[in-house]
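To keep things clear, I will list the structure first and then write my remarks on it.
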Amino acid sequence: MSGIDQIVVVGAGASGVAAAYAAATSGAPVILLDEQDAPGGWLRSSVSMIEDAPEMLDGKRGFEAASYATVLLGSSSVDYRPGTVAWGLFENGSLGVVGPEGAYQLRPSRTILATGSTEIVWPFAGWTLPGIMTARAARAFMHLHFVLPGRRVAVIGQGNDADQMAVDLEMAGADEVHRFASPDGLVAEGEASVTSIVKDGDRTHVDAVILALGSLPDPELARHALTELRYSESDGCHVPIRNAHMMTSVDGVFVVGDAGGMTSVAEAVAQGFVAGYAVTRSERLAEAIGTLTDISRETAVHESVGTASDIPDDVHVDREEQVTARMIRDAIETGSVSVNDVKRKTRAGMGVSQGRDTEYVIARMISEQTGISLDQLVPMTARPPARLVSLAALAQLATAVD
Amino acid sequence: MSTTLRIESHPVLGSNELRTTVTITADGREIQALVGEPIAAALLASGILKIRTMPGTAAPRGIFTGVGRSIEELGTVNGESNVPLMSTPVEDGMVIEVQQGLGGWVENA
């Protein structure tokens with residue numbers, strides 16, 4: 001049974017916790033869904049001081065802020081559901097959910113999406129070898145599970161993310177950290193896992209390689225609901241258009257935090273409060289809107305992430321579907337001029353990760369090859385499920401709906 | 001057995017709260033693991049990075065994004081295929097195998 005005024009928040013990062021907390025102050029029933037087993041989002045596995053922190057988090061490290069989120073939720077009436085995945089947002093406003101108690105549907109009157117960001121990845125020769133991972137995977141291993149990704153580690157990237165990664169690795173006790181500014185021209189070698197990385201003929205022996213290229217907004221559920229999008233230059237991708245209340249073009253669907261465009265923690269929290277007060281029509285809304293600052297958090301140096309024309313022909317651009325750069329180039333050559341066209345022709349982006357990683361790369365390949373600017377490219381159509389969902393869970397849902 | 005990748009003491013975080021060590025079998029050898037840690041973390045700590053091969057190409061894969069959104073992070077645990085290794089906690093006596101392609105079927109009893 002869903003209450004008429006039920007509010008659902010998806011994502012328990014800084015912004016989602018703020019939104020759920022603010023909405024609950026009105027007494028409305030608020031459900032907060034999060035796929036992780038504790039709140040905080042990316043802050044959970046961050047050991048650095050938060051830059052541009054809101055007052056309540058001033059001087060705190062990321063993981064300390066995450067602990068604070070746990071306290072805040074505990075003191076509220078929010079129905080917080082960890083380990084719970086929202087995998088689809090449908091036209092009628094219902095959410096497909098899978099949690100520890102099984103599969104179910106929610107029919108909120110208003111939905112706040114605080115789904116955060118996803119990491120930028122970029123193909124290079126040998127990049128699918130085990131031992132090559134993203135910065136978030138490495139931070140999860142080090143900071144949540146106390147395991148180093150390797151002893152001799154290569155870090156690829158030149159933005160804040162890569163700088164922080166090098167610091168994190170040294171703090172955790174890695175023996176060697178080798179920096180590479182960009183994936184262009186790199187060759188990873190190894191049999192069962194990566195053993196060396198070659199650049200301009202120079203071979204460096206490594207046992208781990210970390211891609212730290214920055215992050216992209218991840219408004220996938222908003223895209224399910226067909227919210228109108230705009231191209232954001234600083235984010236390097238399309239993001240939902242929102243009004244001053246953080247509502248998208250779809251009535252009752254709100255987007256806050258990084259999902260709406262990479263932003264500071266302070267701004268993510270401020271947006272959360274705005275949406276939380278907006279959905280409950282709180283008298284504190286106007287005051288909350290006054291705290292919005294529009295500070296963006298540029299995690300990626302998009303111009304230098306990688307050069308599309310430098311991706312070797314035989315490299316799998318889509319790691320899951322194992323679609324090579326050559327196959328994509330041929331598709332573009334023969335008239336595929338959107339990410340959707342390339343997807344239909346090559347299967348790139350059809351894997352269970354739903355093309356979130358590959359869209360960024362394919363868009364740049366199309367743009368370089370055809371001269372169509374990135375802002376003119378039609379973004380890829382997002383379809384459920386946004387996360388891995390078992391058929392058993394869906395079968396259970398079908399029974400529940402009857 | 002090598003546990004060299006374990007961080008015994010982190011300057012900011014201190015040490016792991018998990019303490020109970022058990023033995024699991026991974027890729028045919030016995031390794032030490034902590035009850036409750038993700039299987040992928042236990043494998044990495046013992047230097048095991050390859051968790052599966054891909055259908056068709058048999059290319060090796062390991063943990064990449066660590067968020068469990070990709071088939072690359074699924075392995076075979078106690079004979080069951082397609083188990084997410086980044087989110088499934090270690091239990092005593094588990095047998096982890098490198099998943100070959102799509103993996104096999106287990107008939108329900």
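So you know, we letter chains A, B, ... as the sequences are listed, proteins then strands, and number each from 1.
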Val147(A)/Ile7(B) under side chain to side chain contact (heavy atoms under 4.5 Å, CB included): CA gap, chis, key distance, verdict:
CA-CA 5 Å; Val147(A) 182; Ile7(B) 301 166; 5.9 Å; no
I'd like to check Thr65(B) versus Arg136(A) (side-chain heavy atoms, cut-off strictly below 4.5 Å). Are they in contact?
no
Is the closest side-chain heavy-atom distance between Met142(A) and His10(B) below 4.5 Å?
no
Which portion of Ala174(A) sits near chain B, non-hydrogen atoms under 4.5 angstrom:
neither
Rounding to 0.5 Å, atoms OG (Ser70(B)) and CG (Leu388(A)) come to a distance of 7.5 Å
Under the criterion side chain to side chain contact (heavy atoms under 4.5 Å, CB included), I'd like the reasoning laid out for Phe64(B) against Thr128(A): C-alpha separation, chi angles, the key distance, then a yes or no.
CA-CA 8 Å; Phe64(B) 182 58; Thr128(A) 57; over 6 Å; no
Begin with the C-alpha distance, continue with both residues' side-chain angles, and end with the deciding distance and a verdict on side chain to side chain contact (heavy atoms under 4.5 Å, CB included) for Phe146(A) and Leu18(B).
CA-CA 10 Å; Phe146(A) 294 85; Leu18(B) 303 177; over 6 Å; no
Of all of Ala40(B), Gly36(B), Pro84(B), Ala41(B), which one pairs up most often with chain A through heavy atoms under 4.5 Å apart?
Ala41(B)
Glu320(A) side chain to Ile71(B) main-chain N or O, any donor-acceptor pair under 3.5 Å?
yes
Ala42(B) portion near chain A, given a 4.5 angstrom heavy-atom threshold:
neither
Pick one of side chain, backbone, both or neither for Ile48(B), based on which atoms fall under 4.5 Å of a heavy atom in chain A.
neither
Just checking Glu101(A): does its CD atom have more than 12 heavy atoms from other residues, nucleotides or ligands closer to it than 6.0 angstrom?
yes
If you take all heavy atoms of Met54(B) and Arg319(A), which pair is closest and at what distance?
CE-O, 3.4 Å
Answer key: most heavy-atom pairs under 4.5 Å with chain B among Asp37(A), Leu129(A), Thr134(A) is Thr134(A)
Is His143(A) close to chain B through its backbone or its side chain, or both, or neither, when contacts mean heavy atoms under 4.5 Å?
both
Contact class of Gln322(A) relative to chain B, heavy atoms under 4.5 angstrom:
side chain
Looking only at Arg52(B), Arg61(B), Glu72(B), the option with the highest number of non-hydrogen pairs under 4.5 Å against chain A is Arg61(B)
Just wondering, are more than 12 heavy atoms of other shown residues or ligands nearer than 6.0 Å to CZ in Arg383(A)?
no
Any Leu49(B) side-chain heavy atom under 4.5 Å of Asp207(A) side chain:
no
Please examine the side chains of Lys50(B) and Ser193(A), heavy atoms only from C-beta on, and report whether any two atoms are closer than 4.5 Å.
no
Which one of Glu119(A), His316(A), Arg61(A) has the most heavy-atom pairs closer than 4.5 Å to chain B?
Arg61(A)
Kindly compute the distance separating CD1 (Ile63(B)) from CE (Met133(A)), expressed to the nearest 0.5 Å.
8.0 Å
On a heavy-atom basis, the closest approach of Leu44(B) and Pro149(A) is CD1-O, 3.6 Å
Sort Ile210(A) into side chain, backbone, both or neither according to what part of it lies under 4.5 angstrom from a heavy atom of chain B.
neither
Greatest number of non-hydrogen atom pairs under 4.5 angstrom with chain A, of Ser9(B), Gly66(B), Pro55(B), Ser15(B), falls to Ser15(B)
Report which part of Gln36(A) has an atom under 4.5 Å of a heavy atom belonging to chain B: side chain, backbone, both, or neither.
neither
Grab the two heavy atoms, one from Pro130(A) and one from Gly62(B), that are nearest each other, plus how far apart they are.
CG-N, 3.6 Å
Quick one, Leu5(B) with Phe141(A), criterion side chain to side chain contact (heavy atoms under 4.5 Å, CB included). Give me CA distance, side-chain angles, the key distance, then yes/no.
CA-CA 10 Å; Leu5(B) 289 180; Phe141(A) 279 128; over 6 Å; no
When the 4.5 angstrom heavy-atom criterion is applied to Val194(A) and chain B, the contacting part is neither
Please classify the contact between Arg139(A) and chain B as side chain, backbone, both or neither, with a heavy-atom cut-off of under 4.5 Å.
neither
